[in-house]
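Since this is a predicted model, take the numbers as computed values, not measurements.
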Amino acid sequence: MATIEVRRLRKTYGNTVALDGVDLRVEEGRILGIVGPNGAGKTTALHAMLGLLPFEGKLRVLGRDPWAERDELMRDVCFISDVTVLPRWIRVDQALEYVAGVHPRFDRAKAEHFLAKTGVRHNSKIRELSKGLAAQVQLAIAMAIDAKLLVLDEPTLGLDLLASRRFYDSLIHDYFDRSRTIVVTTHQIDELQDVLTDVVFLDRGRIVLECDMSEYESRYFEVMARPDRIAAARALGPIHERQSLGRSILLFDRVERERLEQLGDVRRPSIAELFVAVVGSSEGAGR
């Protein structure tokens, strides 16, 4: 059974179209990254999946209609938004005690295990913590909840590079297993390169790319073309071309690596580079 199944999902705010006929299927045990510029519809899509707003189209999460069956759905879902929502007056140990009292699937010992890696003191109040440390408290609580679906909206916003890396390491090694599904949105794309099983690029309410990461590795290549081979490279129909240090770098989709190696130096692009190519091309076509 798919954890998330979306068909023709649409959401408007007055004359503004936030989601425009999105189709998406996320199988159990996958880690999906949703990447898009500001205003692309990422948060709206997450809120629809969580039953926080009405929508047009078909949407099933864990076999349930999130708008009509939200109470039942949220027993199996954990959601962390892009802003810390813990009360600023509460102490860390009080926050753990409260969640343990209200959520039957919260494992306090596991939360304390995650927090031990951060240096956060249990007697600290949230207002005494930096934005990054407060975010880590919230993330530790989320990862200590035994949920079938974990939804993270910009989870490492405000964290430094080291803290972000520790979070994703914990997410993979201490939290994730093939019975759970994770959906994460982020602007910090390269942090997720080695974490995701699937990636979706969302732009202006539409999916402009959907790719399994195992397919990604064999599908996309960049070539720094030799000067005498630029015309031959362009004849193969690159999806994007840019200049670097006076050299032409061309990005290809579904062109054999062996063929490209005859044109220059070949490498696999990062997700960030692919995002700029695909979304940049999409925006240019829309002008």
Side-chain angles (χ1 to χ4, degrees), residues 29-35 38 42-43 46 50 74 76-197 199 213 270-272:
R30 309 293 287 181
I31 303 177
L32 170 68
I34 302 178
V35 183
N38 291 331
K42 302 186 302 296
T43 299
L46 294 189
L50 296 165
M74 294 309 294
D76 295 316
V77 176
C78 183
F79 170 54
I80 295 296
S81 69
D82 59 344
V83 293
T84 303
V85 295
L86 295 172
R88 291 178 53 78
W89 53 264
I90 202 169
R91 294 197 314 266
V92 173
D93 57 353
Q94 290 174 326
L96 299 180
E97 183 177 355
Y98 172 77
V99 179
V102 299
H103 204 301
R105 297 186 179 177
F106 176 70
D107 186 335
R108 180 167 181 167
K110 186 175 287 187
E112 290 175 345
H113 169 72
F114 291 137
L115 284 176
K117 303 177 183 180
T118 69
V120 173
R121 298 192 305 273
H122 285 216
N123 63 352
S124 296
K125 293 184 177 180
I126 297 300
R127 68 167 173 259
E128 297 170 345
L129 302 176
S130 67
K131 182 178 180 181
L133 289 179
Q136 291 194 66
V137 174
Q138 185 162 276
L139 292 169
I141 291 174
M143 290 197 296
I145 294 174
D146 182 17
K148 294 180 181 178
L149 172 63
L150 176 62
V151 179
L152 302 168
D153 191 5
E154 297 284 356
T156 57
L157 197 65
L159 301 188
D160 60 36
L161 182 61
L162 181 58
S164 296
R165 176 50 57 191
R166 286 174 176 167
F167 165 69
Y168 284 119
D169 285 345
S170 292
L171 188 70
I172 294 300
H173 298 117
D174 300 329
Y175 181 85
F176 179 68
D177 60 45
R178 289 297 177 180
S179 68
R180 303 176 194 260
T181 304
I182 300 173
V183 176
V184 54
T185 70
T186 184
H187 285 91
Q188 297 164 311
I189 309 169
D190 285 340
E191 290 183 346
L192 292 173
Q193 180 98 24
D194 300 322
V195 175
L196 302 178
T197 63
V199 65
M213 288 305 293
S270 68
I271 294 180

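- Judged by distance alone, the side chain of His173 and the main-chain N or O of Asp169 form a donor-acceptor pair under 3.5 Å.
- Partners of Arg166 by side chain to side chain contact (heavy atoms under 4.5 Å, CB included), not counting sequence neighbours, listed by chain and number: Leu162.
- Atom-to-atom distance recorded for Glu128:CD and Arg88:CZ is 10.0 Å, nearest 0.5 angstrom.
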Which is it for Trp89 and Lys125 under the side-chain contact (heavy atoms from CB on, under 4.5 Å) test, yes or no, and what are the steps along the way?
CA-CA 6 Å; Trp89 53 264; Lys125 293 184 177 180; 5.7 Å; no
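- Under the 4.5 Å side-chain criterion, counting only non-hydrogen atoms from C-beta, Ile31 is not in contact with Met213.
- Looking at Val195 and Phe176, their side chains never come closer than 4.5 Å, going by heavy atoms from C-beta outward.
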Does Asp153 form a side chain to side chain donor-acceptor pair (under 3.5 Å) with Thr185? I'd like the steps, not just the answer.
CA-CA 5 Å; Asp153 191 5; Thr185 70; 2.5 Å; yes
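- Applying the side chain to side chain contact (heavy atoms under 4.5 Å, CB included) criterion to Arg108, with sequence neighbours excluded, gives Asp93, Leu96, Glu97, Phe106, Glu112.
- Inter-residue side-chain proximity for Leu196 and Val184 is flagged as met; some heavy-atom pair is nearer than 4.5 Å.
- The nearest pair of heavy atoms linking Ser81 to Gln138 is O-NE2, 4.0 Å.
- In this structure, the side chains of Tyr168 and Thr156 come closer than 4.5 Å at one or more pairs of heavy atoms.
- In this view, Ser170 and Phe114, Lys117, Met143, Asp174 satisfy the side chain to side chain contact (heavy atoms under 4.5 Å, CB included) rule, not counting sequence neighbours.
- Annotation for Asp76 and Arg105: closest pair OD1-NH1, 2.5 Å, computed over non-hydrogen atoms.
- When every heavy atom of Cys78 is checked against every heavy atom of Ile145, the shortest pair comes out as SG-CD1, 4.0 Å.
- For the pair Leu115 and Val137, the tightest heavy-atom approach, listed with the atom from each and the gap, is CD2-CA, 3.8 Å.
- In this structure, Ala95 and Ile141 approach most closely via the heavy-atom pair CB-CD1, 4.4 Å.
- Side-chain atoms of Lys42 and Thr186, non-hydrogen and from C-beta on, never get closer than 4.5 Å to each other.
- Taken from CG in Asp160 to NZ in Lys131, the straight-line distance is 13.0 Å, to the nearest 0.5 Å.
- Using a 4.5 Å heavy-atom cutoff, the side chains of Val92 and Leu129 are in contact.
- With a 4.5 Å cut-off on side-chain heavy atoms, Leu192 and Val199 do not count as touching.
- The existence of a salt bridge linking Asp146 and Arg180 is confirmed by a sub-4.0 Å separation between a basic side-chain nitrogen and an acidic carboxylate oxygen.
- Between Leu139 and Leu171 there is no side-chain heavy-atom pair separated by less than 4.5 Å.
- Summarising the geometry of Ile80 relative to Ala142, their closest heavy-atom pair is CG1-CB, 3.3 Å, with the distance given to 0.1 Å.
- Here the OG1-CG distance, from Thr181 to Leu150, works out to 10.0 Å after rounding to the nearest 0.5 Å.
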